[in-house]
Amino acid sequence: MSSAEQNWVHIPVLAAEAVELLSSVKPLRRLVDGTLGNGGHSRMLLENNPELQILGIDRDSAALERANKNLQQFGSRFTAVHGEFADLDKLAAAHGWDQVDAVLLDIGVSSPQLDDPARGFSFRGDGPLDMRMDRQQKLTASRVLNFYSEEELARVFRDYGELRESRQLARRIVQLREEKPFSTTAELTAVCDKVLRKKRPGELPSPTLVFQALRIEVNGELEQLKSGLQAAKNILRPGGRLAVISFHSLEDRIVKNFMRDAAQNCICPPGLPVCVCNHRAEFTLPVRGVISAKEEELNRNRRAACAKLRVADRT
């Protein structure tokens, strides 16, 4: 574990709201924290629910090490597992849990990952172009930049960063890598500053969406999320609750559409005279719309500004 990872302060986002909504599930004895991170949400849940056991999943070994230290006081009530939350139903079953009372997913990159230059997730500090949440995997951000075709790079920047200049940026990267392969975040940031339009006050800095796009591609984040939502549906008992915290529009759109469709009795295209899909609601929505951070939390933690919490109950 790097020194930067050891000396950070982690603030779980929307923790009070998530803990309150999950703690209201009765009985609440088994919960899967599919994105364990430092274990901030899990700690609060364990403290508020004396009978609760939590299975915490993360693909970042450093996160698992931190969480195990931070939650060791809870003994057998907490178990950490290395894996992907896309497989949370299989991981829970392997742990002997065929059904659970609740699932929590806190999607995206964590503060210790962002703040450690050695991980390469942020343009604010120079480091290697890594961006892997699971450091055992082979695909890194540098491999994407140096080996993807111009068309593939443009797709990544367009689909995952929603960049207008996706084609221009991809073309410039391909030109520059012929002279020297990309290896550091500073090199990528310099290209972004030259190619991308200058942002107006209040907008995200130009490299932000480029780094987001690469991170999503490297870690397969959107496919992970789609699979994770299905896995949660598979393992939640009737009356069990799913809570998902997302941090950008691509994630939130997937969560919103999943919950909306799963809460409908018919998902046929509009205009059909009779239902032919035979779909039946698998969730109800106890909270309509999205829950955002209150002003008090925003004053403490600026990263909470993008957070959105959605909740659904298994029928």
Side-chain angles (χ1 to χ4, degrees), residues 18-37 39-61 63-64 67-68 71-72 74-107 133-134 220-221 223-246 254-255 257-265 267 278-287 309-315:
V19 169
E20 180 182 356
L21 286 164
L22 290 169
S23 297
S24 65
V25 176
K26 303 299 180 187
L28 183 63
R29 298 193 180 99
R30 289 179 172 179
L31 180 146
V32 174
D33 185 343
T35 47
L36 179 60
H41 290 102
S42 283
R43 166 178 284 280
M44 294 177 66
L45 285 160
L46 289 164
E47 289 172 342
N48 281 272
N49 300 275
E51 296 183 354
L52 178 62
Q53 292 182 304
I54 288 182
L55 182 68
I57 300 168
D58 208 295
R59 49 180 169 170
D60 188 335
S61 298
L64 290 175
N68 268 321
L71 301 178
Q72 61 183 347
F74 298 101
S76 61
R77 294 177 58 205
F78 170 73
T79 303
V81 176
H82 183 265
E84 300 179 342
F85 70 83
D87 300 322
L88 68 87
D89 53 346
K90 301 180 183 67
L91 293 170
H95 186 63
W97 291 7
D98 296 323
Q99 284 193 327
V100 300
D101 303 305
V103 173
L104 170 63
L105 299 177
D106 180 6
I107 309 302
M133 292 182 179
D134 183 350
E221 291 180 27
E223 292 307 315
Q224 280 274 322
L225 177 55
K226 293 174 185 176
S227 298
L229 292 171
Q230 289 293 331
K233 183 182 73 172
N234 293 342
I235 200 168
L236 277 169
R237 65 161 173 82
R241 178 161 290 179
L242 168 64
V244 185
I245 301 171
S246 61
I254 291 171
V255 177
N257 291 342
F258 172 83
M259 290 185 175
R260 180 200 63 204
D261 292 346
Q264 292 181 1
N265 274 326
I267 55 174
N278 295 318
H279 183 269
R280 292 297 175 263
E282 297 169 296
F283 282 91
T284 59
L285 304 179
V287 178
L309 169 62
R310 294 183 185 273
V311 180
D313 289 348
R314 193 73 166 94
T315 56

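In this text, all values refer to a predicted model and were calculated from it rather than measured experimentally.
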Test side chain to side chain contact (heavy atoms under 4.5 Å, CB included) on H41 and L22 and set out the steps.
CA-CA 11 Å; H41 290 102; L22 290 169; over 6 Å; no
Kindly indicate, with the supporting measurements, whether the criterion side chain to side chain contact (heavy atoms under 4.5 Å, CB included) is fulfilled by E282 and R314.
CA-CA 6 Å; E282 297 169 296; R314 193 73 166 94; 3.3 Å; yes
Does the pair D33 and I57 meet the rule for a side chain to side chain contact (heavy atoms under 4.5 Å, CB included), with working shown?
CA-CA 6 Å; D33 185 343; I57 300 168; over 6 Å; no
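Residues A92 and L55 come closest through the heavy atom pair CA-CD2, 3.6 Å.
For the ring pair (Phe, Tyr, Trp, His ring centres under 6.0 Å) test, residues two or more places apart in sequence or in another chain that qualify with H95 are W97. With sequence neighbours left out, R237 forms a side-chain hydrogen bond (donor to acceptor under 3.5 Å, both in side chains) with D101. Residues satisfying the side chain to side chain contact (heavy atoms under 4.5 Å, CB included) test with D58, not counting sequence neighbours, are L36, D60, A63, L64. Remark: Q230 engages K233, F258 in a side chain to side chain contact (heavy atoms under 4.5 Å, CB included) (not counting sequence neighbours).
Between R280 and T315, the closest side-chain pair of non-hydrogen atoms is not below 4.5 Å.
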Using residues 81-88 as the side-chain source, report each donor-acceptor pair under 3.5 Å to any protein atom, sequence neighbours left out, with the distance given to one decimal.
from	atom 1	to	atom 2	distance (Å)
H82	NE2	R59	O	3.1
E84	OE1	Q224	NE2	2.7

Return all side-chain donor-acceptor pairs below 3.5 angstrom for residues 47-54, not counting sequence neighbours, or 'none' if the list is empty.
from	atom 1	to	atom 2	distance (Å)
E47	OE2	R43	NH1	3.3
N48	ND2	M44	O	2.7
N49	ND2	S23	OG	3.0
N49	ND2	L45	O	2.9

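Side chain to side chain, S246 and R310 fail the donor-acceptor criterion of an N or O pair below 3.5 Å.
Summarising the local packing, CZ of R29 is surrounded by 12 or fewer heavy atoms from other residues, nucleotides or ligands at distances under 6.0 Å.
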